[in-house]
Amino acid sequence: MRRVLAGHWRRVASQVGRSVTVWAVSTLTMLVLAGILPDFRLQSPTGDSATRIAVTAAFGAGAFGVLSAVVWPLLVRLFLLVPTLVLGLLVFFLNGALLLLALRLNPAERGDAAPETAVVVAAVMSAVASATGGALAVRDDDAYRRRLYRLADRRRRRRPAGPATPGTVFIQLDGVGHDVLLAAVAGGLMPTVARWTGRADAPGRRARPTHRLTSWRTDWSSQTGASQLGILHGSNHDVPAFRWYEKDRGEVMVCNRPTSAAELQRRAVEWAGHGGLLTVDGASRGNLFSGGAEEQALVLSIAARRRSRETRSRAGYFAYFSDPANAVRTALSFFAEVGREIGQSTRARARKERPRVGRGGLYPLVRAFATIVERDVVVTAVMGDMLAGRTAVYADLVAYDEVAHHSGPTGRDAAKVLESLDRSLALIENVAEHAPRPYRIVVLSDHGQSPGETFRTRYGLTLGDLVRAGCGLPVSRRAERTHSGAEARAAVRAALRRPHKEGREEFRPARGSEPIVLASGNLGLVSFPDVHHRMSKEEIDARHPALLTTLANHPGIGFLLVRSEKHGGVVLGPFGTEIPLDRLDDDPGPLADFGPGAAEAVRRTHSFPHTADIMVNSWYDPAEGEVLAFEEQIGSHGGLGGAQGKPFLLSPLALSAPPDGLVGAEGVHQMLRRWLDEAGGPQVPLTAREKKAA
């Protein structure tokens with residue numbers, strides 16, 4: 001009880017301190033404006049002492065603040081029926097009228113202002129007060145939560161009682177591997193997750209767990225496009241990588257390009273036979289795909305087309321930044337994060353840390369967008385969905401994934417992001433207490449990340465250079481970088497409504513004889529665009545006799561997958577190793593270091609219609625867990641090898657336990673569907689095939 005009371009009085013003291021600070025700043029602003037504007041005065045015509053002028057300003061600022069807090073909400077209610085444009089103009093005049101009233105309430109009757117000047121003074125004081133309050137609360141989650149509670153109370157009075165069945169919130173922590181989460185909990189970085197899992201409470205005391213933590217195994221394509229498509233829509237069939245070339249369409253598909261995402265979602269819906277995980281009263285926030293939800297915000301698959309007013313969610317950027325407090329809070333944090341990234345990258349260069357990639361250009365802005373703007377908007381949208389009582393919500397937070405790509409998955413930079421994500425989970429948990437229905441919070445990841453330097457840094461050439469050399473084509477003396485294709489960059493482009501560009505590989509490459517080489521983390525894809533079918537090993541050897549040998553024997557490459565006219569499909573390794581896919585269980589060959597499930601994942605990808613002519617997986621060191629990225633990333637994912645293939649599921653104990661050895665994003669989709677069913681009935685329409693099986 002003593003600790004509860006102490007916390008209560010600390011919160012009261014903090015709130016009083018902020019109010020006094022805002023009042024003092026408003027008083028100072030009023031004094032400055034009185035000295036600048038000729039028609040605004042805080043003294044009698046004969047003059048007053050500095051003390052009396054200051055008292056007049058303080059009283060006026062206080063009265064204006066009280067009137068704004070008490071009278072303004074009533075005035076807004078009175079003018080709800082006024083057209084928006086007219087109300088926008090009335091705001092300035094009503095604010096000025098409140099200031100004149102505040103000056104008239106001064107017992108000394110010293111203050112006065114011309115009506116047009118009062119409008120200007122009131123506008124400036126309101127802006128300064130909002131900015132000051134927002135700046136003081138920029139890191140105060142308690143203050144932010146209290147605002148949400150007031151919003152919940154208002155909504156509860158307007159809405160009927162919510163259903164008794166629980167809703168479900170799925171929060172995806174993009175790129176956070178199972179082992180990284182465990183280490184963060186053990187290191188005290190994520191106290192909310194620690195409390196949920198019963199690993200920590202108070203010093204010397206363990207909490208009773210409310211959630212269970214399990215891991216699952218990704219497909220060969222261990223990246224958000226394949227994983228989230230399978231999780232939300234139940235199918236990631238024919239998604240061999242993050243980017244790949246489709247010969248029948250003559251086009252490069254890129255998972256984080258809006259047009260590609262829309263096409264992949266269409267294919268998944270057709271293949272699975274239903275709209276997705278969120279088709280019944282669902283909301284999709286910050287994802288690549290919609291999951292069939294009617295309520296969508298910041299969803300990439302719909303960013304390429306205009307949405308009607310009915311389907312445009314209010315929980316997007318416009319709705320978030322229409323609140324000045326939100327705008328100030330996020331803007332200040334954004335610029336602080338830009339400065340933090342510049343400082344961290346400067347220290348990394350000064351210390352000559354290895355491995356390291358370039359972090360200049362626009363990257364500080366991209367990082368700040370992912371870790372601040374996208375996080376704040378998505379978390380606020382999720383909390384709004386909970387206060388509205390939606391049945392199922394799925395949201396993706398990309399902050400960790402973006403930072404880990406450039407700073408490493410276990411570095412101090414990434415650790416700071418994990419701390420902020422834990423605070424977001426705590427906010428969502430607290431808002432659930434005020435929602436009109438009970439909520440179960442499920443946290444999961446779509447993949448992990450494996451550390452290691454880039455292929456270009458270690459060997460001085462890119463995978464594309466190596467392929468050209470194996471084909472007998474000229475190779476530039478200077479290796480060009482293969483830029484990162486992280487999800488956050490696509491989110492920035494979508495937010496700014498800028499077209500997606502990825503250099504010469506984009507859209508429709510010329511059908512020449514030169515190979516197209518694409519990278520997806522430590523997974524590489526080689527396609528020959530002038531051959532309209534998937535080339536066989538025999539055809540590749542006849543055309544470029546040295547290519548497969550050059551690739552398979554390179555120390556930076558773990559294994560190759562190619563089609564074989566004799567065996568159907570074969571895995572190639574160094575020293576002439578060639579193992580048919582149907583013999584991998586008995587003789588895994590170069591797949592032995594990649595752990596259980598590697599052969600199954602390779603065979604599945606081999607069955608896809610758009611698998612590349614040559615699939616290339618980088619070298620992997622099982623002792624250190626390191627891979628070599630074909631992109632400019634020191635924390636990468638996309639292929640086989642290490643922590644990238646071991647994401648996590650954190651689910652409430654009230655839900656059934658996932659099976660041991662859960663494999664593939666499609667398996668996770670089935671698990672999430674089961675949990676929705678347990679919450680009160682099927683949430684995804686069953687296909688005809690599923691109904692027959694049931």
Side-chain angles (χ1 to χ4, degrees), residues 222-223 241-245 252 254 345 348-349 351-363 366 401-409 411 449-486 489 501-506 509 514-527 546-548 550-560 574 612 614-621 624-642 644:
S222 54
Q223 47 86 21
F242 181 76
R243 47 171 74 82
W244 67 95
Y245 179 69
V252 172
V254 187
S345 61
R349 287 195 303 270
R351 296 170 181 169
K352 298 182 179 179
E353 294 180 358
R354 295 285 184 238
R356 190 177 76 246
V357 294
R359 292 159 61 174
L362 295 177
Y363 172 68
V366 174
D401 189 65
E402 178 63 29
V403 173
H405 277 315
H406 295 82
S407 303
Q449 286 210 19
S450 297
E453 62 184 332
T454 69
F455 188 88
R456 182 188 68 87
T457 299
R458 177 167 293 190
Y459 299 109
L461 77 168
T462 65
L463 178 62
D465 295 332
L466 186 63
V467 170
R468 291 182 65 84
C471 293
L473 299 171
V475 179
S476 173
R477 293 184 178 181
R478 182 177 181 181
E480 295 183 0
R481 298 183 179 185
T482 303
H483 295 289
S484 169
R489 296 178 182 271
K501 297 180 180 179
E502 284 205 301
R504 72 180 188 87
E505 73 186 42
E506 183 63 359
E514 293 193 6
I516 295 174
V517 182
L518 303 172
S520 297
N522 74 317
L523 177 64
L525 297 88
V526 183
S527 299
L547 176 57
L548 294 178
T550 298
L551 293 174
N553 285 286
H554 192 280
I557 291 177
F559 66 90
L560 310 177
I614 308 173
M615 299 288 291
V616 184
N617 204 98
S618 86
W619 162 89
Y620 166 59
D621 180 2
E624 300 295 332
E626 294 184 352
V627 300
L628 297 175
F630 298 125
E631 298 180 85
E632 285 298 295
Q633 300 171 348
I634 60 173
S636 67
H637 57 88
L640 289 175
Q644 62 182 319

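Heavy-atom basis, side chains included; hydrogens, waters and symmetry copies ignored. Just so you know, these numbers come straight off a predicted model, no measurement behind them.
Partner of Leu523 under the side chain to side chain contact (heavy atoms under 4.5 Å, CB included) criterion, out of Asn617, Leu640, Leu463: Asn617 alone.
Judged by distance alone, with hydrogens and angles left aside, the side-chain atoms of Ser520 form a donor-acceptor pair with the main-chain N or O of Phe242 at under 3.5 Å. Ser222 places a side-chain N or O within 3.5 Å of a backbone atom of Gly639 that can act as its donor or acceptor partner. A distance-only check finds a donor-acceptor pair linking the side chain of Asp465 to the backbone of Thr462 [under 3.5 Å]. Between the side chain of Arg456 and the main chain of Leu461, no donor-acceptor pair closer than 3.5 Å is present. Checked by atom type and distance alone, the side chain of Ser618 pairs as donor or acceptor with a backbone atom of Leu628 at under 3.5 Å.
Considering CH2 of Trp619 and CD of Glu626, their distance stands at 5.5 Å, rounded to 0.5 Å. Taken from CD in Glu632 to CD in Glu453, the straight-line distance is 11.0 Å, to the nearest 0.5 Å.
Looking only at side-chain heavy atoms (C-beta outward), Ser407 and Ile634 stay at 4.5 Å or farther from each other. Using a 4.5 Å heavy-atom threshold, the side chains of Val517 and Leu525 count as separate. Residues Gln449 and His405 form a side-chain contact, since some pair of their non-hydrogen atoms from C-beta on lies under 4.5 Å apart. Looking at Ile557 and Leu466, their side chains come closer than 4.5 Å, going by heavy atoms from C-beta outward.
Using a 30° and 60° split on the angle between ring planes, His554 and Tyr459 fall in the perpendicular class, above 60°.
The nearest pair of heavy atoms linking Leu518 to Tyr245 is CD1-N, 3.7 Å. Heavy-atom minimum distance, Thr550 versus Gly470: OG1-CA, 4.0 Å. The heavy-atom pair separating Leu473 from Pro515 by the smallest distance is CD1-CD, 3.9 Å. Here the closest non-hydrogen pair linking Phe630 and Ala519 is CB-CB, 3.7 Å. Nearest heavy atoms, Pro409 versus Gly635: CD-CA, 3.8 Å. Between Ser636 and Val627, the closest heavy-atom pair is OG-CG2, 3.5 Å.
Remark: Ser450 engages no residue in a side chain to side chain donor-acceptor pair (under 3.5 Å) (not counting sequence neighbours).
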**Request:** Decide yes or no on side chain to side chain donor-acceptor pair (under 3.5 Å) for Asn522 and Gln644, but give the supporting numbers first.
**Result:** CA-CA 10 Å; Asn522 74 317; Gln644 62 182 319; 3.3 Å; yes
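Taking a cutoff of 4.0 Å between a charged side-chain nitrogen and a carboxylate oxygen, Arg243 and Glu631 qualify as a salt bridge.
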